Amino acid sequence: MRASKLFARTLREAPAEAEVASHQLLLRAAYIRKLMAGVYTWLPLGLRTLRRVEAIIREEMDASGAQELRMPIVLPAEPWKITGRWQTYGQEMFKLKDRHDRELGLGPTQEEVVTPLVAGEFGSYRDLPVNLYQIEWKYRDELRPRFGLLRGREFLMKDAYSFDRDVDGLRSSYRTMFEAYERVFGRCGLDYRIVEADPGSIGGDVNHEFMALAAVGEDLFVSCENGDYAADVEAAQASTPEPAPPGDREEMVEIFTPGRPGIQDVAELLGRPAPDLLKCMLYDAGGRTVAVLVPGDREVNQNKVARALWPAPVRLFDDADFAAHGFVKGYVGPQKMSEDALVLADRSVRGGANWVTGANRIDHHVTGANVERDFRVDRWEDVMRVNEGDSCPRCGGRLHIGRSIVVGHIYQLGTRYSKPLKATFVDEDGTEQPYQMGCYGIGLSRIVAAAAEQFNDEAGLRWPKALAPYDAVVIPTNMDQAAVVETAERLYGELAELDIDAVIDDREVTAGVKFADADLIGYPVQIVVGKRSLQSGTADLKVRSTGQRSHAPLAQAARAAVDLLAGAP
RNA sequence: CGGGACGUAGCGCAGUUUGGUAGCGCGCAGCGUUCGGGACGCUGAGGUCGCGGGUUCAAAUCCCGCCGUCCCGACCA
């Protein structure tokens with residue numbers, strides 16, 4: 001490729017809209033351009049990098065025995081209504097209507113398409129297992145698109161779906177994908193962690209996330225200092241404290257706490273630490289009132305509450321709910337909860353006694369509230385968000401919270417989709433069985449952003465060679481000297497013969513501009529030919545990722561570039 | 001959806017407070033000098049100042065409405 005023809009106009013300054021490094025650099029280096037919030041055009045350089053990610057994934061998926069297909073992006077609403085996701089995906093799904101007023105959606109993921117498809121084709125246990133995948137653009141009307149490609153409304157995703165006759169088969173298919181994912185992210189050169197995760201709106205049971213480490217990552221994960229536990233913060237657990245010893249139980253006393261609705265307010269007024277207070281959050285779970293109890297210094301993890309109450313849709317009480325049920329916001333306590341309400345306490349509440357909590361009366365709290373004597377707990381569950389420094393549920397070690405970008409997520413769905421969609425096969429004994437399904441996603445466009453986030457410096461992008469749009473760039477520094485241009489062209493030709501995908505920067509600009517652009521775009525190897533090097537009969541080489549510089553006789557320069565590339569990260 | 005900021009040439013910005021001929025840098029085009037880490041000089045093109053309405057002799061500037069973009073938040077009683 002000739003830089004003089006390449007559709008890539010680099011920017012000296014980052015557009016004001018870009019905040020994070022990956023977004024700024026991908027714009028500056030002419031990989032992407034924005035069309036609207038969360039939607040980007042992929043320029044030639046960006047598309048080449050995206051395709052390299054795609055090639056790696058396709059190779060590993062094919063090697064794992066999965067088969068590629070292509071499903072539609074425009075989808076009918078009906079199957080989505082059957083699985084309930086037309087509702088649960090809600091506003092996040094792009095919805096539209098055709099000219100006959102039929103409801104359609106743009107695919108955010110395709111369980112509702114692939115499941116009936118397989119049921120219609122592979123209806124016998126003899127056909128199983130089968131794993132189908134596609135690499136396709138996905139659409140999600142994100143609450144807040146941000147950070148360029150990191151959270152877009154249109155993004156490229158590899159989604160795979162496995163179908164097995166039983167749970168053992170599912171586990172085996174899952175294991176195969178797990179290992180394929182390790183190879184994919186390893187080959188992409190990413191620094192990543194595998195964590196236990198929350199299934200989110202996809203549903204299902206066992207699942208893992210593959211997280212690329214990044215300071216700007218939106219996803220928090222918990223890891224044990226001893227390395228035996230790692231989990232998404234939405235799913236993470238901490239070890240549960242010992243139950244409080246029986247013993248001194250204060251009387252429950254109502255106290256006057258005017259204008260002190262918050263935990264901090266009350267703690268300050270009474271001069272007691274927040275963990276002495278009992279936080280009582282009210283939720284509506286499909287019409288039923290649920291009181292969730294956690295210690296005052298803790299936060300409720302709503303995902304965990306939702307899982308505990310599955311399949312009821314869980315939402316926090318709003319002002320209307322408070323009014324309708326006669327609760328006073330800011331002064332809620334679990335005492336005298338009605339029979340039809342559910343009292344759900346985090347297990348850590350067992351570790352406390354003599355709680356300070358709301359008195360269910362404006363401007364009043366109580367002290368000395370105790371489980372059983374003063375309020376009942378219907379269920380003990382883990383519903384708490386893990387904090388930095390909590391104890392590891394495996395070994396008791398210290399838990400640390402880190403930031404990352406989720407680049408892959410794999411799920412054991414079981415029959416979550418096959419049952420409602422009545423997708424069944426005939427088993428060996430002649431009975432109809434729902435498929436045991438798994439689904440497996442990788443965000444390709446997000447990998448590009450995550451890699452840009454992990455591999456950059458002041459000068460620009462520093463791709464691992466597996467992801468760079470080209471392998472090398474040849475830079476003739478003196479375009480006015482025929483001998484320089486000739487030599488550079490010859491080198492460029494030699495590289496092609498050696499199967500190196502190179503760019504020759506034949507633009508009529510000064511050397512400084514070429515160097516700056518080469519660093520910005522992130523060609524793994526730079527080969528410089530100029531007046532100076534011609535005199536000494538050598539070419540100057542630089543490895544972008546390490547900054548390492550070297551020389552090679554002109555006759556061996558192409559060969560030297562190949563070797564440097566082979567040795568580069 | 002709530003809060004905040006912003007919207008002036010392809011990009012980065014000034015001008016808005018105090019209404020009066022729309023500017024700077026980069027980039028772009030032409031000519032010349034340069035030529036190994038974002039060169040220099042001269043000349044030039046490029047803007048319905050986000051959109052609509054209002055106030056005014058006069059609006060980028062003041063007022064109202066809308067749109068767009070970015071940031072923070074969107075469970076913590």
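Since we're looking at a predicted model, the values are computed, not measured. Residue numbering restarts at 1 for every chain, and letters A, B, ... go by the order of the sequence lines.
Checking B/rC28, B/rG12, B/rC72 against the side-chain heavy atoms of A/Arg144 singles out B/rC72 as nearest. In this structure, of B/rC26, B/rG37, B/rC76, it is B/rC76 that holds the atom nearest to the side chain of A/Met281. Considering only side-chain atoms of A/Val513, the nucleotide from B/rG37, B/rA39, B/rC75 that sits closest is B/rA39. The side chain of A/Val300 lies closest to B/rC75, out of B/rG38, B/rC75, B/rC28. Here the nucleotide nearest the side chain of A/Arg146, chosen from B/rG38, B/rC71, B/rG36, is B/rC71.
Remark: the separation of the P atoms in B/rC13 and B/rC6 is 12 Å, to the nearest Å. With both ends at atom C1', the span from B/rG52 to B/rG68 equals 14 Å, rounded to whole Å.
For A/Trp463 and A/Tyr31, the distance between ring centers is under 6.0 angstrom. Aromatic pair A/His23/A/Tyr40: centroids less than 6.0 angstrom apart.
At a cut-off of 3.5 angstrom, counting only N and O atoms as typed in the model, there is a donor on one side and an acceptor on the other between the side-chain of A/Ser533 and the base of B/rG36.
Note on A/Thr510: a side-chain N or O is less than 4.0 Å away from OP1 or OP2 of B/rA39.
Side-chain atoms of A/Asp363 and A/Tyr331 include a donor-acceptor pair closer than 3.5 Å.
One can place CG of A/Asp517 at 17 Å from P of B/rG36, the figure rounded to the nearest angstrom.
Each of A/Val509 and A/Ala516 has a nearest nucleotide on RNA chain B; the 5'-most of these lies closest to A/Val509. Across the interface with RNA chain B, nearest-nucleotide mapping of A/Gln302 and A/Arg532 shows A/Arg532 to be the residue nearer the 5′ end.
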